[in-house]
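Just so it is clear: chains get the letters A, B, ... in the order the sequence lines come, proteins before strands, and each one is counted from 1. Because the structure is predicted, anything quoted here is derived from the model rather than measured.
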Protein chains: 2
Amino acid sequence: MSSENIPLLEKENLDLPQKRGRGRPPKDESSKDEGNRRLELINCAARLFRVNGFAATSTRDIASAAHMHSGSPFYHFESKQALLFEVMQSGMHSAMARQNQALNTLSGHPCQSNAKEQLRCLIRHHFEVLLGTGNDFIPVMLYEFRSLDTHQQAVISQLQRQYEAPWIPVLNELYQHQLLSCPVKMARLLIFGALNWSVQWYSAQQAASLDELTDSAILLFLHPHTPSSK
Amino acid sequence: MSSENIPLLEKENLDLPQKRGRGRPPKDESSKDEGNRRLELINCAARLFRVNGFAATSTRDIASAAHMHSGSPFYHFESKQALLFEVMQSGMHSAMARQNQALNTLSGHPCQSNAKEQLRCLIRHHFEVLLGTGNDFIPVMLYEFRSLDTHQQAVISQLQRQYEAPWIPVLNELYQHQLLSCPVKMARLLIFGALNWSVQWYSAQQAASLDELTDSAILLFLHPHTPSSK
DNA sequence: CCTACCGATCGGTAGG
DNA sequence: CCTACCGATCGGTAGG
């Protein structure tokens, strides 16, 4: 006879090292592969959420794109919504880090004369975040905010404020020197709108480059410095 | 005397509030009533699509909002997608009619000097279309375009081009007079983005009025006319 | 426009 | 991470 008579409770003693119970993996060692699988899930989810929207994307679609079976995403994430939240959070942290890097390439002295260059740098980087190849995370964040619950929305809003924080002194500077005529708070909302909307119409094949987009935006928003006002 | 002899086909006696005229409408007004019910469906669908998105809104949600039972929307529309398409089409036709009315209130002579006033008029009306109370149709069109099939997208794109047509000569005029520094094609895309994005942040309670929004947008986009450039 | 219903699909889970 | 599965819900329909 066989192991059929072994009581169920004793089967737990058969656990091998690689087996663990259900649920997400512990954060510690040995999870390099699992971290890769988790990252692959996030990347696939970001793309599908961007293309089809959150509600129209099934967890089966995501699993299939990541070469998993239908139930497996729930080994890494407790729910579809938690996966969306993770996409947005990691996208924002990455975008903020790259924005700070971009700003650091400019001169270390934030003097008045280069506020225009700082704005150009911020706009150029934001177009990269929105339109760069493989950058699906921020568009998802922008267009699926309502799919989060209240607490998640509060977290993402806080990250958005952090991301926008470097823009405010730059816009203030430009406003004080009359390169910007619109009050700063409203200018920030309208400028971000103009940039964020580009994900709706930009096509890398036929349209302008991101540098050309940036030039156009600067021309639209900033007034030429009239010599008499020097 | 009560409901004793009424044969109940329903296996459940639902306690829904009974509306008048559950049976057939009077013959000579049947088309009018059906038109009203159809319009109510469109209005309810527009609001729900705007608040929750197309994919996250069920046809049962729409039926309930219109005080119908679950299968009844399909008496008026062949599919959920056809209802979305109708929302967008009727919204665009209404918006175009009102845009033309707004333009007609301006002076009948489209001379160069009032191009700025024409742009202000177009922007002010567009904010009304986006943010006015009960105007859910255009936001739905802007944010659910991908939920249409290819043919429907082509129809809506054509309507969008018609809606934007009056903007182009105005922007050309402003560009030629250096009130606008950004090339017109790009300016149009960026300006519509700035305006369209307002549905993401505008709150009628706490924010500026639509007139103030319009003033800010004009300040942001149009350069002051330097006397020397005449 | 309602009643009653269907097949498909969904998010998620138990157990290994 | 897979296998097998569940209850809920979905868009849509037949017939009146």
- prompt: Does B/R60 or B/L41 map to a spot on DNA chain C nearer the 5' end, using the closest nucleotide for each?
  reply: B/L41
query: Rounded to whole angstroms, how far apart are CG on A/N52 and C1' on C/dC10?
result: 15 Å
query: In whole angstroms, how far is the P atom of D/dG11 from the CD atom of B/Q81?
result: 12 Å
- prompt: Which class fits the ring pair B/W197 and A/Y143: parallel under 30°, tilted 30 to 60°, perpendicular over 60°?
  reply: perpendicular
task: Starting at atom CE of B/M68, determine the distance to atom P of D/dT13, rounded to an integer number of angstrom.
output: 17 Å
- prompt: If pairing requires Watson-Crick or G-U wobble contacts with both distances under 3.5 Å, which nucleotide is the partner of C/dA8?
  reply: D/dT9
- prompt: Separation of B/K80 atom NZ from D/dT13 atom P, in whole Å?
  reply: 15 Å
task: Describe the nucleic acid contact of A/S58 in one word from base, sugar-phosphate, nothing, applying a heavy-atom distance below 4.0 Å.
output: sugar-phosphate
message: Counting only side-chain heavy atoms from C-beta out, which of C/dC1, D/dG12, C/dG11 sits nearest to B/S79?
response: D/dG12
message: Atom CD of residue position B/E78 - does it have more than 12 heavy atoms of other residues, nucleotides or ligands inside 6.0 Å?
response: no
statement: Of the listed D/dC2, C/dC1, D/dG11, the closest approach to the B/Y75 side chain comes from C/dC1
- prompt: Going from CG on B/L130 to CD1 on B/I123, what distance comes out if it is rounded to the nearest 0.5 angstrom?
  reply: 11.5 Å
- prompt: Got a sec: does the CZ of A/R124 have more than 12 other heavy atoms crowding it under 6.0 Å?
  reply: yes
- prompt: Which of the following nucleotides, D/dC2, D/dG12, C/dG12, is nearest to the side chain of A/S70?
  reply: C/dG12
query: Salt bridge check: are B/E86 and B/R38 linked by an N-O gap of less than 4.0 Å?
result: yes
statement: Atom NE2 of A/H76 and atom C1' of D/dC1 are separated, to the nearest Å, by 7 Å
message: Could you tell me how far apart A/I62 (CD1) and C/dG12 (P) are, to the nearest whole angstrom?
response: 10 Å
message: Can you measure A/F77 atom CZ to C/dG11 atom C1' for me and round it to whole angstrom units?
response: 16 Å
message: Partner lookup for D/dC2, please. Criteria are Watson-Crick or G-U wobble with both distances under 3.5 angstrom; report none if nothing qualifies.
response: C/dG15
field: Distance in angstrom units between B/F74 CZ and C/dT3 P, rounded
entry: 16 Å
